[in-house]
Number of protein chains: 2
Amino acid sequence: MSPNKPRAYHHGDLREALVASGRKLLEEKGIRGFTLRECARRAEVSHAAPAHHFASMDDLLAELVRRGFAELTAAMTAEADRIEGEAAARLVGLGVGYMAFAAANPALFQLMFSREANRIELEEGEAGAGGIRRLQAAIVEELLADASGEVRQRMVDFAWASMHGFITLVLEGEIGGRDSSRALKSRGLAVLAAMAETVVRAAR
Amino acid sequence: MSPNKPRAYHHGDLREALVASGRKLLEEKGIRGFTLRECARRAEVSHAAPAHHFASMDDLLAELVRRGFAELTAAMTAEADRIEGEAAARLVGLGVGYMAFAAANPALFQLMFSREANRIELEEGEAGAGGIRRLQAAIVEELLADASGEVRQRMVDFAWASMHGFITLVLEGEIGGRDSSRALKSRGLAVLAAMAETVVRAAR
DNA sequence: TTTGGCCTCTTTCCATCGTCAAGATTGGCG
DNA sequence: CGCCAATCTTGACGATGGAAAGAGGCCAAA
């Protein structure tokens with residue numbers, strides 16, 4: 001009952017604790033400041049304990065990436081589903097969800113879309129970035145029912161590139177360095193609107 | 001004259017040698033595999049020698065980033081200048097130069113536009129990403145001479161976001177994973193064309 | 001209930017890293 | 001010609017990721 005350090009062996013759910021502390025640490029210090037030992041420290045566990053739950057540091061990072069993609073697609077569909085209007089509006093909604101997730105988890109987002117991540121998680125059924133494209137592709141297909149497959153593919157490229165590029169540049173401080181969050185949101189919406197309009201116009 | 005290891009002390013131009021080996025190493029191993037000691041090893045110099053030319057590892061990386069931005073803007077203007085046609089075509093040209101540089105130096109490009117880089121090189125007269133926006137802004141201004149400042153700003157956001165997002169997703173393997181370089185180029189050009197068309201159309 | 005096995009966690013160790021301090025070497029300036 | 005400052009090396013420190021070996025606790029089979 002002593003509140004000092006009663007828990008000795010057997011943490012209970014160390015795996016989840018490591019995922020949680022790892023995620024916080026990632027956002028605090030960035031990927032270069034991310035340390036397995038610090039994760040363990042925050043979970044109040046010895047530095048070698050994580051090895052029993054994650055084969056390596058990259059394995060933990062891969063788990064964070066995996067969960068990130070799940071959350072990201074969830075955020076996108078949630079935002080799109082809130083809009084019951086036209087397909088174009090839903091396409092914008094996907095972008096809003098995308099950008100909101102990225103803004104809330106900048107370091108994780110960057111990790112998810114980093115060259116390093118791809119060298120890591122080549123396993124799994126690719127529930128990652130593929131799902132994002134599929135979400136957009138479904139709406140583009142709806143908008144461009146009569147267009148060729150190639151036109152549709154290029155419009156999906158375009159839609160994804162626009163929203164990804166904008167939020168990426170914002171997170172890096174390259175766009176709107178000292179703008180208010182309000183102004184930034186407005187600029188992001190403008191980009192999404194221009195994107196959706198271009199997609200719609202591809203139908204001739 | 002013995003070709004073994006004649007050069008002992010005084011490398012000659014260690015700074016440049018470190019920049020060169022560092023750049024190669026960065027592309028080979030990525031930022032997470034980048035090591036100051038390995039840079040020194042490749043320059044055939046002791047592990048502490050770099051300290052006399054770069055205050056820290058981040059200082060070397062900052063130099064790489066600085067040179068990267070110079071090369072990137074040079075590549076963009078070179079490609080745009082090759083085209084003497086309309087402003088819209090030159091806008092596409094800027095994008096071609098941008099993507100070509102990124103494809104040729106993927107790891108450096110990612111470093112240049114990474115959250116980590118921004119924490120590093122807060123010095124200097126910002127000859128970095130600001131120059132890129134200025135290049136695009138000049139052409140957009142030409143195309144949208146009659147538009148409001150806000151419209152122009154949003155079109156620059158849009159132009160930059162499109163080209164940045166596309167090449168970024170390609171480098172990460174999210175777009176066109178197994179496509180030929182030829183096909184990828186075509187898709188990139190399609191994105192740039194759609195982008196330029198959207199900018200032009202913003203003039204009403 | 002007891003006991004044996006297995007999973008969890010700790011301790012200890014190793015190679016490597018970035019950085020610092022001190023010493024060795026050299027080129028060039030007086 | 002000799003000395004100085006710049007350049008490079010050697011050695012050390014603390015921190016990291018990972019491997020190996022041992023200690024501690026849970027649970028199911030007897």
Side-chain angles (χ1 to χ4, degrees), chain A residues 1-2 4-26 28-65 107 111 116-117 119-121, chain B residues 1-2 4-26 28-65 107 111 116-117 119-121:
Chain A
M1 277 291 181
S2 77
N4 253 343
K5 302 203 175 193
R7 200 215 72 257
Y9 277 65
H10 287 81
H11 175 285
D13 198 355
L14 183 53
R15 178 170 241 268
E16 284 307 310
L18 288 172
V19 166
S21 65
R23 187 154 174 177
K24 246 189 218 165
L25 180 60
L26 179 62
E28 281 177 27
K29 303 290 176 73
I31 184 63
R32 302 234 335 259
F34 186 90
T35 272
L36 205 48
R37 278 166 124 103
E38 176 65 22
C39 287
R41 236 170 271 135
R42 294 188 180 200
E44 293 182 307
V45 117
S46 88
H47 63 88
H52 296 272
H53 298 272
F54 300 97
S56 68
M57 191 174 68
D58 286 358
D59 197 29
L60 204 183
L61 289 174
E63 175 68 17
L64 293 181
V65 166
L111 178 64
E116 319 289 336
R119 291 187 193 171
I120 292 173
E121 33 113 31
Chain B
M1 276 291 179
S2 79
N4 252 342
K5 301 202 175 193
R7 198 216 72 258
Y9 275 68
H10 287 81
H11 175 284
D13 198 354
L14 182 53
R15 178 169 242 267
E16 284 307 312
L18 287 171
V19 167
S21 66
R23 188 153 170 178
K24 246 188 218 164
L25 180 60
L26 179 62
E28 281 177 26
K29 304 290 176 75
I31 184 63
R32 303 230 339 257
F34 186 90
T35 273
L36 204 48
R37 279 168 123 105
E38 176 66 21
C39 287
R41 235 170 273 136
R42 294 188 179 200
E44 293 182 307
V45 117
S46 88
H47 64 91
H52 296 271
H53 299 272
F54 299 97
S56 68
M57 191 173 69
D58 286 358
D59 198 27
L60 205 184
L61 289 174
E63 176 67 18
L64 294 182
V65 166
L111 178 63
E116 319 287 336
R119 290 185 194 173
I120 292 172
E121 33 112 34

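Order of the sequence lines sets the chain letters (A, B, ...), proteins ahead of strands, with each chain counted from 1.
The distance from the CZ atom of Arg41(B) to the SG atom of Cys39(B) is 9.5 Å, given to the nearest 0.5 Å. Atoms CG and OG1, from Leu26(B) and Thr35(B) in turn, are 11.5 Å apart once rounded to the nearest 0.5 Å. Put simply, CD on Glu16(A) and NE2 on His53(A) are 10.5 Å apart, with the number rounded to the nearest 0.5 Å.
For the pair Leu18(B) CG and dG18(C) P, the interatomic distance rounds to 12 Å; values are reported in whole Å. With rounding to whole Å, Asp13(B) atom CG is found 14 Å from dA6(D) atom C1'. As rounded to whole Å, 10 Å separates atom P of dT19(C) from atom CG of Leu60(B). Residue Leu25(A) contributes atom CG, which lies 13 Å from atom C1' of dT16(D) at whole-angstrom precision. The separation between Ile31(A) atom CD1 and dG17(D) atom P is 11 Å, rounded to whole Å. Nucleotide dA15(D) holds its P atom 13 Å from the NZ atom of Lys29(A), rounded to whole Å. Atom CE of Met57(B) and atom P of dT19(C) are 6 Å apart (whole Å). Atom CZ of Phe54(B) is separated from atom C1' of dC20(C) by 19 Å (rounded to the nearest Å).
Picking from dT9(D), dG17(D), dA12(D) the nucleotide with the shortest atom distance to the side chain of Thr35(A) gives dG17(D). Closest to the side chain of Ala48(A), from the set dT8(C), dT10(C), dT19(C), is dT10(C). Considering only the side chain of Leu36(B), dT19(C) comes nearest among dG17(D), dT19(C), dC20(C).
His47(A) comes within 4.0 angstrom of a base, heavy atoms only. Across all strands shown, Arg41(B) has heavy atoms under 4.0 Å from sugar-phosphate atoms exclusively, and none from any base.
Residue His52(B) is the one, among His52(B) and Phe34(A), whose nearest nucleotide of DNA chain D lies closer to the 5' end (criterion: closest heavy atom).
Taking the side chain as every heavy atom from C-beta outward, Arg42(B) and Leu25(B) approach each other to under 4.5 Å.
Paired with Leu36(B) under the rule side-chain contact (heavy atoms from CB on, under 4.5 Å), one option of Leu60(B), Asp58(B), Leu61(B) passes, and it is Leu60(B).
Taking only side-chain nitrogens and oxygens, Arg37(B) never comes nearer than 4.0 Å to OP1 or OP2 of dT9(D).
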